[in-house]
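These notes concern the structure reproduced below.
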Amino acid sequence: MSARNRHPLPEELLLAALGELSAEEEARVQAHVAGCPDCMAQVAEFQETDREFSAHYQLVFKPSIPPPPGAFHEFRSALNAKAAVPASLSARWRSYLANCLRMPRLARVVPVAGAAVLVLVAVVRLSQTPVVSAGEIFRRAVASERDSFSKVSHSAVYQKLRVRIGRSSLTKVVYRDVDGHRRVNHWAASDPNSVPSPTVIAPDLSREFRAARLDWDDPLSPGAMQGWLTGRERAGQAREEIREEAGTITVTTREPSAAVTEAQFVVRSADYHPVSALYRFQGQADDVEFTEVAYEVRSLETLDASIRSELSAGSPSPVTGSASTSALASPHAEAAANLDEVEIGALYALHQHNADLGGETEVTRQPGAVRVTGVVVSDRRKAELRGALAPFAELRVELYTAQEAADRQARAIASAPDPASAPVARVPALRDALAARFPDQASRDSFVLDVLDCSQQALAHGFALQGLAGRYSPSSVAALSPDARAEVRSMSADHVGAMRKRLESLFERLAPLAGEVQTPAGGGENSGSGQVEPSTLVPDLQQLDRIIGRLVSASDGVEAEADNLVREYRQVGARLRQALQPRK
Amino acid sequence: MASIPPLMESDGGLYLVGDASCAHSVAEKQRRLAQVVELHFEELRRPVYSYAFSICRSPERAEEITQDAFLRLHTSLQSGENISSVRSWVFRVAHNLAINDAKKRRFELPCRMDGQDIAMRSDNLPDPEQQMLREERKNQFQRGLETLTENQRYCLQLRAEGFQAKQIAEILKISRGGVVDTLQRAMKRLRKAIV
Ligand SMILES: [Zn+2]
């Protein structure tokens, strides 16, 4: 008993605030904190300071740092120098992947995920990707909440809320059993003689809430916010105002003629966790604001025994989000929203295993389904990613090891031969030139693989660039935080730089066989803007890749075609060189 | 030849995937090792650069330190060192490099943690009132941070980078208890300046 009454050390309170205590410590500290307003305030204060400093560090300090003057260019050459190996030695690995990834002419028979396994792409953290719509914000809030639940077995939420009605305010503590859908509210008052109850506080307002299909008891759940938005969209009132500042995003909806005339939701930019909600009602002078003072997801077992027994005795209270969403949304919209969650959940799970890099996997949305496809390096990696995706029952996962993908292709080729090309012996258009230059079969193969690899990588960078451009239009980039904007820019610049490097190396290798690619004149038409336009770049890169494939590996055996192919190669090459000309 | 152990990062990091059934040549391992280091570099270079910059205050030096840290990572992995968390490892190396660099040039360092081009970066805020509020907030943090010791600042920054107390202890080479004590003092002091 006495241990329970002694205040924990400041260090223990800090660790409690940061969620870094062991289970027993946590139980002990929490048992005290739950009954000690001072310590509870201290924990909340630590959490707030931690949150605020992180926001300052990430959103103000970091973006203010001057960029690295050399753009880290030295690093790659230094690393390459350290890791330099003769090309012929690494040829086997390349041919292994090249077999799986590049199927000239047959790519349309079995599309194998992405063309970019070898490519290194900068990481976009989910939490830093920008927000474009209120729907997107709340979807992420829901995904983020679910993610926080999944980290703790049998999660319980401890949440302290300040409820302000007009000028008076009260504090309540909510304990929520996530899986059991049960909830306990404890109202706290500074004056111990007046223990308020919700019905006493605001009988009218809680009725207003129900009328507007809001949940008075769980006003800050992301699901409730999502439900509110869905309802408005269905009612054709889908105008929201989104503001991002100082580490938070505020979504405001106004509808002067509705029961709720204004609603304002605030979520943290870092993890989309809702921190406050404000409502104004038709004909009511008092607005209502809920502000989170403390929030923690912990294991149910670590809660105080009395709270646990209250929770298990309480009647089940459906968790708001699902209830209000299903009440408002059509089954179709609900299914779609659920798939959005599955999609983000899957993306996030893959992201955590770095499988969203370089096209190792791809998440695609189909009518009524979300699909994950990919070619991975080994069985172990496959098992790992399958494990990460296991929680999403709705997901169609198609992962193959490189070997399996090659086998599948071989089978597909056997069962579905391309009638036009099957009987034709396929030889490179430059067969003779290749043979003359590389009399030795091994060095010829190595050269061909190198060339194909370069072309493939240039194309993969083009796809990555196109993906970025598609995801982030100029207007959505303008809406990003400075940090995120800088990341998008630096990723684009990286891709353009890498693409240029690959192409130059390609042109250099092919020069002895197919001639030089023309260099654009100094004051070329594009040199002024320096803009790279992925929508024209990618088709050119694809064409170049096709041409090169036919030149060095598999043409239709029409040798007379070689001259035409070489001419096309130089044309497309010159166009690409021009498009990628470095900015003046 | 030194064999490369499977590289694993406990906190959801990268795997250098070893396929036991398939004997890759040394060159392939080399290539994949470089690839893995480059992936880590892509992912971590920004936070590491920011952290190094906050200590040494020079973009040129911070860039060198960042690159150096990852080249050292390559060397260590190549020599077979078992690195349990690449992220902590790289931050630790960058921290030491930056501290040593800062010691050498102590006289020329302004001890500030704000930015030079902040006005330019916040150009998406047209509202002057908001701008002022933001500026005021920034100054509050600035004043608060100036009252902190170096270690207190490092702890806060690493915490803001998402490290737990145990990892911060590894990076700064002090005890976990020391980190927790430093952090709680830092937060209380900072709190005074920002509310
Ligand atoms: Zn206490």
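Since this is a predicted model, take the numbers as computed values, not measurements. Each chain gets a letter, A, B and so on, in the order the sequences are listed, and its residues count up from 1. Because only heavy atoms are used, hydrogens play no part in the values below, and waters and symmetry mates are left out as well, while side chains stay in.
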Under a 4.5 Å heavy-atom cut-off, does chain B meet the side chain of A/Ala71, its backbone, both or neither? backbone

Between A/Tyr57 and B/Tyr51, is the side chain to side chain contact (heavy atoms under 4.5 Å, CB included) condition met? List the steps. CA-CA 10 Å; A/Tyr57 185 70; B/Tyr51 184 71; 4.2 Å; yes

Can any side-chain N or O of A/Gln58 pair as donor or acceptor with the backbone N or O of B/Ala160 at less than 3.5 Å? yes

Identify which part of A/Glu48 has an atom lying under 4.5 Å from any heavy atom of chain B, answering side chain, backbone, both or neither. both

Are the side chains of A/Asp50 and B/Leu183 in contact, using a 4.5 Å heavy-atom criterion? no

Is there a side-chain contact between B/Phe53 and A/Pro66 (heavy atoms, below 4.5 Å)? yes

What residues of residues 168-180 of chain B sit under 4.5 Å from chain A when you count only heavy atoms? B/Arg176, B/Val180

Mind running side chain to side chain contact (heavy atoms under 4.5 Å, CB included) on A/Lys62 and B/Glu161 for me, showing each step along the way? CA-CA 11 Å; A/Lys62 278 170 112 180; B/Glu161 279 298 345; 2.7 Å; yes

Do A/Glu20 and B/Arg159 pass the salt bridge (charged side-chain N to carboxylate O under 4.0 Å, His left out) test, and can you show the C-alpha distance, the side-chain angles, and the key distance before you say yes or no? CA-CA 12 Å; A/Glu20 292 186 30; B/Arg159 168 70 204 157; 3.6 Å; yes

For A/Arg51, look at atom CZ and say whether over 12 heavy atoms of other residues, nucleotides or ligands are found less than 6.0 Å away. yes

B/Phe70 portion near chain A, given a 4.5 angstrom heavy-atom threshold: both

Carboxylate-amine/guanidinium contact B/Lys188 A/Glu11, below 4.0 Å: no

How close do A/Phe61 and B/Ser50 get, counting heavy atoms only, and between which atoms? CE2-O, 4.3 Å

Region of B/Leu156 in contact with chain A, defined by heavy-atom distances below 4.5 Å: both

Check whether B/Arg137 gets within reach of chain A through its side chain, its backbone, both or neither, counting any heavy atom under 4.5 Å. side chain

Closest approach of B/Gln67 and A/Phe75, non-hydrogen atoms and distance? OE1-N, 3.4 Å

Side chain to side chain contact (heavy atoms under 4.5 Å, CB included) evaluation trace for B/Met187 with A/Phe53: CA-CA 9 Å; B/Met187 284 196 184; A/Phe53 178 74; over 6 Å; no

Side chain to side chain contact (heavy atoms under 4.5 Å, CB included) between A/Ile65 and B/Tyr49, intermediate numbers included: CA-CA 9 Å; A/Ile65 293 177; B/Tyr49 171 79; 3.7 Å; yes

For B/Leu71 against A/Ala78, the heavy-atom pair lying closest together: CD1-CB, 3.8 Å

If one checks every heavy atom of B/Thr66 against chain A at 4.5 Å, the contacting part turns out to be side chain

Sub-3.5 Å donor-acceptor pair from the side chain of B/Glu63 to the main-chain atoms of A/Phe72, do we have one? yes

Please state whether the side chain, the backbone, both or neither of B/Ala62 comes within less than 4.5 Å of a heavy atom of chain A. neither

Do other residues, nucleotides or ligands put more than 12 heavy atoms under 6.0 Å from A/Glu74 CD? no

How far does CG of A/Leu59 sit from NZ of B/Lys138, to the nearest 0.5 angstrom? 14.0 Å

Listed by chain and number, what are the ring-ring contact (aromatic ring centres under 6.0 Å, His included) partners of B/Phe141, not counting sequence neighbours? A/His56

